[in-house]
Amino acid sequence: MSGPHSSASCYLVQARGVDPQTGLERQYNVVMDLGPGSFGMLWRYMDVRKLDAVFLSHCHADHMGDIVSLHVHRRWYPTGNLGPVLLAGPPGVMERVRGIDGASPEETYAGEFTALELSDGQAVQVGPLTFTAYAARHTVPAFGFRVSGPSEGDPSKQVEMAYTGDTDTCGRIEEMAQGVSLLLSEAGFTAADEPRGIHLTGQRAALIAKKADVGALVLTHIQPWTDPHTVMEEARGHWDGAISTAYAGATYSL
């Protein structure tokens with residue numbers, strides 16, 4: 001959930017590439033998840049009219065509740081409808097959007113979204129970026145995403161990162177993380193939380209990072225009532241590589 005220092009889940013991925021329509025190089029902007037309060041935060045870091053795609057890891061409200069804000073912005077922008085943006089998520093994603101918006105079944109959102117229901121292993125190209133969905137272990141259908149694209153320092157070089165979404169340890173998420181430069185991993189639980197099949201802990205995230213031999217680990221989705229140092233200590237017991245906790249506005253360049 002959102003807290004005093006951050007909106008709910010949302011991660012902006014940016015890369016430069018050639019626009020096939022214009023033949024000119026431009027910046028591509030893709031967000032993974034769009035939780036409550038996050039759409040307003042995006043305005044601090046980009047021109048939100050230039051959003052290229054939204055990938056939803058799953059349809060819990062803390063990861064997609066601000067989709068209605070995006071819908072309002074694109075439909076009723078003062079100069080006219082901004083046109084559809086790719087909205088990719090689990091099966092039933094548009095029904096979930098209608099439910100949050102309170103819209104009738106006749107509402108298609110065709111002017112705002114181009115809907116894509118993802119499946120495990122599906123790869124989607126957005127400009128120079130490739131997003132591949134990996135089935136996660138959560139309480140609803142969910143995915144993590146492996147992202148590949150050009151290096152910021154050397155566009156001729158491809159780099160990879162991965163985002164777990166919400167998940168507990170599972171084989172597909174371990175495969176997704178294999179060898180990436182950056183693993184953005186949720187750690188919604190601590191060792192004090194007993195339920196399984198819902199969230200990772202700092203320890204379980206670190207074990208995935210270690211097994212996958214990732215370059216760096218960033219822990220996120222930490223609840224406002226949880227001291228981040230607790231999560232870090234749990235992770236540090238099993239991971240001695242580069243590690244940090246996510247915070248609003250943090251930037252990672254690959």
Side-chain angles (χ1 to χ4, degrees), residues 1-2 7-14 28-39 41-42 48 51-75 82-127 129-149 161-168 170 172-173 175-176 184-186 188 197-200 220-221:
M1 63 183 177
S2 55
S7 65
S9 299
C10 184
Y11 308 95
L12 172 63
V13 182
Q14 296 177 305
Y28 282 80
N29 304 288
V30 181
V31 294
M32 299 184 295
D33 290 340
L34 200 62
S38 62
F39 183 66
M41 291 283 286
L42 277 177
V48 292
L51 187 63
D52 291 288
V54 177
F55 284 78
L56 299 178
S57 63
H58 63 293
C59 289
H60 278 154
D62 60 318
H63 290 256
M64 54 91 67
D66 238 9
I67 197 71
V68 176
S69 297
L70 177 58
H71 147 64
V72 169
H73 179 265
R74 298 195 74 82
R75 178 174 291 188
L82 296 175
V85 65
L86 175 65
L87 175 60
V93 61
M94 293 313 298
E95 287 82 355
R96 182 70 167 129
V97 173
R98 290 187 193 94
I100 290 180
D101 193 23
S104 68
E106 291 73 32
E107 172 62 79
T108 66
Y109 300 99
E112 296 76 58
F113 303 124
T114 299
L116 175 62
E117 294 189 348
L118 297 170
S119 59
D120 183 32
Q122 184 173 359
V124 181
Q125 192 79 24
V126 183
L129 296 164
T130 302
F131 290 76
T132 304
Y134 286 74
R137 180 186 174 194
H138 197 42
T139 57
V140 296
F143 297 106
F145 298 113
R146 186 179 178 112
V147 187
S148 63
M161 65 162 290
Y163 164 52
T164 64
D166 280 5
T167 188
D168 201 344
C170 66
R172 286 295 284 160
I173 293 299
E175 290 176 38
M176 178 195 72
L184 183 64
S185 176
E186 73 111 314
I198 305 175
H199 288 299
L200 294 169
T220 188
H221 203 276

Checklist entry - Distance-only, no hydrogens or angles: does the Arg74 side chain make a donor-acceptor pair with backbone N or O of Leu82 under 3.5 Å? => result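 Between the backbone of Leu82 and the side chain of Arg74 there is a qualifying donor-acceptor contact (under 3.5 Å).
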Checklist entry - Is a side-chain donor or acceptor of Thr167 paired with a backbone partner of Arg137 at a separation under 3.5 angstrom? => result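 At least one qualifying donor-acceptor pair exists.
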Checklist entry - Step by step, would you call Leu87 with Glu112 a side-chain contact (heavy atoms from CB on, under 4.5 Å)? => result CA-CA 9 Å; Leu87 175 60; Glu112 296 76 58; over 6 Å; no
Check whether any side-chain heavy atom of [X] sits under 4.5 Å from a side-chain heavy atom of [Y], and report yes or no.
X      : Y     : answer
Leu86  : Val54 : no
Arg96  : Leu56 : no
Leu129 : Asp52 : no

So, taking the atom named [atom1] in [X] and the one named [atom2] in [Y], what distance separates them when rounded to the nearest 0.5 Å?
X      : Y      : atom1 : atom2 : value
Ile67  : Cys59  : CD1   : SG    : 9.5 Å
His60  : Thr139 : NE2   : OG1   : 3.5 Å
Thr164 : Tyr134 : OG1   : OH    : 14.0 Å

Checklist entry - Given the rule in the side-chain contact (heavy atoms from CB on, under 4.5 Å) test, do Val97 and Met64 qualify, once you have shown the distances and angles that lead to the verdict? => result CA-CA 8 Å; Val97 173; Met64 54 91 67; 4.0 Å; yes
Checklist entry - Do Glu107 and Arg98 sit within salt-bridge range, that is, some charged N less than 4.0 Å from a carboxylate O? => result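 No, no charged N to carboxylate O under 4.0 Å.
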Considering all heavy atoms, the nearest [X]-[Y] contact:
X      : Y      : value
Glu117 : Pro90  : CG-O, 4.2 Å
Ala8   : Ser2   : N-CB, 3.8 Å
Pro36  : Ser7   : O-CB, 3.5 Å
Ser185 : Leu200 : OG-CD1, 3.4 Å
Leu118 : Phe145 : CD1-CE2, 3.7 Å
Asn29  : Leu51  : O-CD1, 3.7 Å

Checklist entry - Is there a side-chain contact (heavy atoms from CB on, under 4.5 Å) between Phe55 and Val126 once you walk through the steps? => result CA-CA 11 Å; Phe55 284 78; Val126 183; 4.0 Å; yes
Next on the checklist: Looking only at the side chains, is there a donor atom on one of Thr130 and Gln125 sitting less than 3.5 Å from an acceptor on the other?
Outcome noted: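 Distance-only check passes for Thr130 and Gln125.
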Next on the checklist: Side chains of Asp166 and His63 only: does a donor on one sit below 3.5 Å from an acceptor on the other?
Outcome noted: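 Yes, His63 and Asp166 have a side-chain donor paired with an acceptor closer than 3.5 Å.
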Next on the checklist: Parallel, tilted or perpendicular: which one describes the rings of His199 and His138, with boundaries at 30° and 60°?
Outcome noted: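 Judged by the thresholds at 30° and 60°, the geometry between His199 and His138 is tilted.
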Item to check | Parallel, tilted or perpendicular: rings of Tyr109 and Phe113 (30°, 60°) | outcome: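 Tilted.
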Checklist entry - What residues, two or more places apart in sequence or in another chain, satisfy salt bridge (charged side-chain N to carboxylate O under 4.0 Å, His left out) together with Arg172? => result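 For Arg172, the residues satisfying salt bridge (charged side-chain N to carboxylate O under 4.0 Å, His left out) (neighbours in sequence not counted) are Asp120, Glu175.
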Item to check | Test ring pair (Phe, Tyr, Trp, His ring centres under 6.0 Å) applied to Tyr163 and Tyr11, Phe143, Phe131, the passing residue | outcome: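 Exactly one pass, corresponding to Tyr11.
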